[in-house]
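Working notes for the structure below.
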Amino acid sequence: MRQYVLPKYFKGDSEFKLNKEDSQYFIKVLRLKKKDKIFSRDQNGVPYQLTIMSYDKNSCLCKVEKINEGDTFETTDTLPEINEERPKLNLFQCVCKGKKNESIIRMATEFGVESITLIQSKFCIAKKESSNNQRYEKIIKEAIQQSGSPVITKFNDVINFKDFIKNLDMPLFFFHQISLEENLTLKEKVNSIDPKKPIGILIGPEGGLSDEECSLLLEKKAIPVTLKTNILRAETASIVALSTIHTLLVEK
C-alpha cells in the first residue's frame with residue numbers, strides 16, 4: 001500500500017477510526033505501530049497524513065492532518081500529485097464475460113481514469129449483475145492504494161447502450177475493428193477536441209459493437225477510430241486505447 005483511500009463517510013475529522021479489515025491490514029500486513037504515519041486521500045483526492053494513535057486487534061485510531069501545498073510528508077515514497085493539466089479520461093466499457101471486467105477495472109484505475117462505467121450493449125455475452133458492485137468498488141480502492149494514483153476513480157453501475165447514448169455529455173472516441181472514417185489519423189482526431197474537457201473512450205465487448213450502435217454513436221458526433229494493430233482482446237484494447245489517447249493529449 002502506497003497510500004490509504006479514506007472512505008466516503010470521512011468528513012474531514014481530526015481523528016478517524018479504521019474499520020476492522022483496514023486496521024488488520026495496517027497492523028498485521030504493513031506492520032505499522034503507534035506514531036507511524038501513512039499518506040492518504042479522501043474521495044476528492046485531497047491529501048492527508050494519518051498518524052496511528054492507538055490500536056487493538058479490531059480497530060485503529062488515527063490522527064488526521066490535511067496536507068497543504070508546500071507541506072512535507074514524512075515518507076520515503078514519492079507519490080504523484082494531481083495535475084490540473086492531466087487529461088480527464090472516462091472509460092465506458094461494454095460488459096465482458098468472466099473476470100475480464102475485474103481486470104479492466106483494476107488496470108484502468110491504476111492508469112488514473114476519472115470514472116469507469118459499464119455498458120450493456122447488443123453483443124455483450126455476459127450480463128452484469130449488481131451483486132458485483134461491492135467487489136468492483138473494492139478492486140478500485142486496492143488499485144488506487146497500490147498504485148499511488150492521485151485520481152480517485154469513480155465507479156458507475158451498468159447502464160444499457162441507448163440510455164448511455166441519450167445522456168452522453170462529453171466528446172467520445174469509440175473503437176471499431178473496421179474504421180468508419182479513414183480520412184483523418186487518430187492524432188488529427190485527438191487534435192480536434194479540447195483536451196481540458198472530460199473525454200470518453202468507449203470499448204466494445206468481445207463481440208464488438210453492432211452496426212446500429214455505431215450509427216447511433218455517429219449521430220451523437222462520437223469519433224470513430226481504429227487501432228491499426230493486431231486484433232486485441234477487450235481487456236487489452238481498453239488499456240492500449242487509454243494510453244494512446246492520453247499520450248496524444250499530453251503531446252498536444
Side-chain angles (χ1 to χ4, degrees), residues 1-13 16-32 36-52 60 62 64-69 71 73-93 99-118 132-158 198-201 203 235 238-243 245-246 249-250:
M1 180 188 290
R2 301 191 66 208
Q3 64 180 344
Y4 174 68
V5 178
L6 290 156
K8 294 177 181 179
Y9 56 82
F10 173 72
K11 302 299 182 183
D13 301 321
F16 179 76
K17 182 176 286 188
L18 277 63
N19 61 30
K20 181 178 179 180
E21 181 181 3
D22 288 342
S23 296
Q24 290 181 344
Y25 190 84
F26 270 39
I27 305 306
K28 293 185 178 180
V29 179
L30 298 181
R31 298 182 181 179
L32 298 177
D36 283 349
K37 304 176 187 297
I38 189 166
F39 184 88
S40 65
R41 293 186 192 275
D42 67 10
Q43 294 292 314
N44 296 314
V46 177
Y48 290 86
Q49 177 174 267
L50 300 186
T51 304
I52 296 177
C60 183
C62 296
V64 183
E65 298 172 282
K66 184 178 179 181
I67 300 176
N68 298 306
E69 186 175 354
D71 288 351
F73 173 62
E74 299 175 27
T75 179
T76 56
D77 281 341
T78 301
L79 295 168
E81 297 179 355
I82 295 179
N83 184 349
E84 294 301 327
E85 299 300 318
R86 178 190 181 101
K88 294 177 173 57
L89 300 181
N90 299 270
L91 177 63
F92 298 94
Q93 175 66 54
K99 292 187 176 295
K100 291 182 180 180
N101 295 318
E102 294 184 5
S103 178
I104 292 168
I105 288 170
R106 178 179 291 105
M107 290 187 291
T109 302
E110 291 176 3
F111 187 83
V113 298
E114 297 289 317
S115 69
I116 301 170
T117 304
L118 297 180
N132 292 328
N133 287 4
Q134 190 173 1
R135 169 67 178 159
Y136 294 152
E137 294 276 9
K138 184 176 181 180
I139 288 171
I140 287 174
K141 178 181 176 180
E142 290 174 349
I144 294 171
Q145 293 181 160
Q146 180 276 325
S147 65
S149 173
V151 179
I152 306 300
T153 301
K154 307 298 181 186
F155 174 73
N156 300 315
D157 196 10
V158 65
I199 297 165
I201 296 175
I203 304 295
E235 62 269 36
S238 60
I239 300 306
V240 171
L242 286 168
S243 59
I245 290 182
H246 179 273
L249 287 168
V250 170

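Keep in mind that what you see is a predicted model, and the values were worked out from it rather than measured.
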Identify the two heavy atoms, one from Ser149 and one from Arg41, that lie closest to each other, and give their separation to 0.1 Å. O-NE, 3.8 Å

The residue among Phe16, Phe10, Phe39 that forms ring pair (Phe, Tyr, Trp, His ring centres under 6.0 Å) with Tyr48 is Phe10

Minimum side-chain heavy-atom gap Tyr136-Leu118 below 4.5 Å: yes

Measuring from Met107:CE to Ile139:CD1, what's the distance to the nearest 0.5 Å? 11.0 Å

Is there a side-chain contact between Gln145 and Arg2 (heavy atoms, below 4.5 Å)? no

Approximate separation, where rounding is to 0.5 Å, of Arg106 CZ and Ser147 OG: 11.5 Å

Do the side chains of Val250 and Pro87 get nearer than 4.5 Å, heavy atoms only? yes

Restricting to non-hydrogen atoms, name the atom on Ser23 and the atom on Cys60 that form the minimum distance, rounded to 0.1 Å. OG-N, 3.0 Å

When rounded to the nearest 0.5 angstrom, what distance separates CG in Leu242 from CD1 in Ile199? 11.5 Å

Find the distance between CD (Glu102) and CD (Glu235) and round it off to the nearest 0.5 Å. 12.0 Å

Please confirm whether the backbone N or O of Arg135 pairs with a side-chain atom of Asn132, one donor and one acceptor, at under 3.5 Å? no

For a quick test of reading the model, state the closest non-hydrogen atom pair linking Ile239 to Ala108 and the distance between them. CD1-N, 3.8 Å

Specify the closest pair of heavy atoms between Arg86 and Gly112, including all atoms of both residues, with the distance to one decimal. NH2-CA, 3.4 Å

Would you call Val64 and Asp13 a side-chain contact if the rule is heavy atoms closer than 4.5 Å? no

Mind running side chain to side chain contact (heavy atoms under 4.5 Å, CB included) on Leu30 and Tyr25 for me, showing each step along the way? CA-CA 6 Å; Leu30 298 181; Tyr25 190 84; 3.7 Å; yes

Heavy atoms of other groups near Lys138 NZ, more than 12 under 6.0 Å: no

Measuring only between side-chain heavy atoms, which start at C-beta, is Val151 closer than 4.5 Å to Phe111? no

Give a yes or no on whether the backbone of Asn90 and the side-chain of Ser115 come within a donor-acceptor separation of less than 3.5 Å. no

In a check of side chain to side chain contact (heavy atoms under 4.5 Å, CB included) between Gln93 and each of Ile104, Ile105, Thr117, which one passes? Ile104

Which pair of non-hydrogen atoms, one from Val113 and one from Thr153, has the smallest distance, and what is that distance? O-OG1, 2.8 Å

Of all pairs that satisfy salt bridge (charged side-chain N to carboxylate O under 4.0 Å, His left out), the ones with a partner from residues 140-150, not counting sequence neighbours: Asp22-Lys141

Between the side chain of Gln43 and the main-chain N/O of Leu6, is any donor-acceptor distance below 3.5 Å? yes

Looking at every non-hydrogen atom in both residues, tell me the closest pair between Ile144 and Gln3 and how far apart they are. O-NE2, 3.0 Å

Counting N and O atoms only, with roles assigned by atom type, does the side chain of Asn44 sit under 3.5 Å from a partner on the main chain of Val46, one being a donor and the other an acceptor? no

dist Ile38:CD1 -> Phe26:CZ (nearest 0.5 Å) comes out at 4.0 Å

Check ion pair Lys154-Glu114 (N to O, under 4.0 angstrom): no

May I ask you to test the Leu18-Cys62 pair for a side-chain heavy-atom distance under 4.5 Å? yes

Can you tell me how far apart CG (Asp36) and CG (Leu50) are? Round to the nearest 0.5 Å. 12.0 Å

